[in-house]
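Take a look at the structure set out below.
Values below: all heavy atoms of this structure, side chains included; hydrogens, waters and symmetry mates excluded. When a ligand or atom number is given, it counts from 1 through the structure's own listing order.
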Amino acid sequence: MAQLSDDCFAFGGPMMSVDEAVGIIAARVTKVAAVETVSLAEADGRVLARDVAAPLPLPPFTNSAVDGYALASRDLPRDEARSFPLAGRVQAGAAAQPARPGHAVRIFTGAPMPEGTDTVFMQEDVTIDDSGRVMLPAGLKPGANVRPAGEDISEGAVALQAGQRLRPQDVALAAAFGLTGLQVVRRLRVAVFSTGNELASPGSVRAGPQLFDSNRFMLMAMLKRLGCAVSDLGILRDERAALALGLKQVASHHDLILTTGGVSTGEEDHVRAAVESVGKLVLWRMAIKPGRPVAMGIIDGAPLIGLPGNPVASFVTFVHVVRPTVLALSGARAAPLLPMPVRAAFTYKKKLGRREYVRVFLSKREEGGLEAQKFPREGAGLLSSLVETDGLAELGEAMTKVEPGDTIGFLGYAGLL
Ligand code: AMP
Ligand code: MG
């Protein structure tokens, strides 16, 4: 399990910027050491634990990039087209015989280049005459339409780096090397709790003043997209003792504990007191909107993150606190979120010194480029605002307003996880 020191999340200042939070997490969270081997079919989304050096060059042998006719470059027609006798035919997957000097060889895409040839004419550029000779045009460059062995990756080069969150193209590269499995960091085990007497689980009876717990399902889905194995621990009541017991019980066999709700300063916010009674707690007052204080703690060496209860605040703080923690714990290489510049089509006033995230729709402009339109309402409890929009506009600490035509940064939901 992850073992972090008690003061891992300690922070000196009163307000923490998003960048400071990400910096502390990256510097102080150590990765889980356990490694396992998974088959290629299971590797997508996992974090590579060791560098992969190319056991063979790619492509492994020099081959034709097109269907056509192979020739030695010393025979290439210089000034005008010339006809050549044909000898031999080599298709993909077949061994090539050495070429006869002065002859062209019929060849297909992916077939090995016959010895004595180094250039291929595309079949669309040639004509075959009645006597079976092939007319090759002048002006082709030596080596054209040939893929030399190792042009993609040379043998021994580090082709995949430890810390890579494996994508389909990374898995393809491992397969091209003939590997059947990859060493990856074992999945993080994350415990997820909701807190609040007002919450009912979908499937149970909802009393009049209750609402169905939605955050837990959002957070579990986000964690799964980050490759975590999630324990769904249901809803804890707003009682210090029950919360403390619940958290303490899961700490020893999880790498991260995630809660939502109950972390602000109201009398019925008991997560802080509960964490303090079984571990160490610090509150991060982050200069971010939406978002309230985020609770950071350590219980028996396992990190705990307490997110606010409002769904949109929970979503945004997940992105900026939970995501980097999960990536650091799983040894994934830092993946800064890079907002894409788009044109604002709305007016908005914001507080200096605070990073704000506005839910926006993205559309194409007739004049070219992309335009972001703000969701008409702002409440941090509006789930529809997350469902209907395309992503978040990131408004930096130094900004105080947005006006139509301004360039702002856009983070699409798909790119956040
Ligand atoms: P809290 O952070 O506990 O003060 O909760 C803030 C708001 O978020 C309240 O209106 C809660 O009812 C709501 N809330 C808290 N937890 C959840 C949850 N798991 N799902 C949906 N809404 C929640
Ligand atoms: Mg609550």
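Scanning the protein heavy atoms around atom 10 (O) of ligand 1, the nearest turns out to be N310 OD1, 4.3 Å. Here the protein heavy atom with the shortest distance to atom 9 (C) of ligand 1 is E198 OE2, 4.0 Å. Regarding atom 14 (N) of ligand 1, its nearest protein heavy-atom neighbour is G309 O, 3.3 Å. With respect to atom 19 (N) of ligand 1, the closest heavy atom belonging to the protein is D213 OD1, 2.8 Å. Given atom 17 (C) of ligand 1, the protein heavy atom at minimum distance is N215 ND2, 3.5 Å.
The option from S214, G262, G266 that lies nearest to atom 21 (C) of ligand 1, judged by heavy atoms, is S214.
Other residues, nucleotides and ligands place more than 12 heavy atoms under 6.0 Å from the CZ atom of R333. No more than 12 heavy atoms of other residues, nucleotides or ligands sit less than 6.0 Å from atom CZ of R240.
Here's the thing with R292: one of its N/O atoms is less than 3.5 angstrom from an N/O atom of ligand 1. For the pair T260 and ligand 1, the shortest N or O to N or O distance does not fall below 3.5 Å.
When heavy-atom distances to ligand 1 are checked against a 4.0 Å cut-off, V263 has no atom that comes that close, whether in backbone or side chain. Of all the heavy atoms of L199, the ones lying under 4.0 Å from any atom of ligand 1 belong exclusively to the side chain.
Within ligand 1, counting atoms from 1 as listed, the ones closer than 4.0 Å to a heavy atom of S194 are 19 (N).
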Exercise for the section: Before giving the answer on side-chain hydrogen bond (donor to acceptor under 3.5 Å, both in side chains), spell out for T195 and H270 the whole-Å C-alpha distance, their side-chain angles and the decisive distance to 0.1 Å. Expected result: CA-CA 9 Å; T195 74; H270 298 289; over 6 Å; no

Handout entry: Test log, rule side-chain hydrogen bond (donor to acceptor under 3.5 Å, both in side chains), inputs D213 and S201
Key = CA-CA 6 Å; D213 175 5; S201 258; 5.1 Å; no

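Side chain to side chain, S264 and D269 meet the donor-acceptor criterion of an N or O pair below 3.5 Å.
M122 contributes atom CE, which lies 12.5 Å from atom OH of Y69 (distance to the nearest 0.5 angstrom).
In this structure, F315 has its ring center no closer than 6.0 Å to that of Y357.
Here the side chains of R106 and F108 are in contact, with some heavy-atom distance below 4.5 Å.
Within the 4.0 Å heavy-atom cutoff, E268 does not count among the residues contacting ligand 1.
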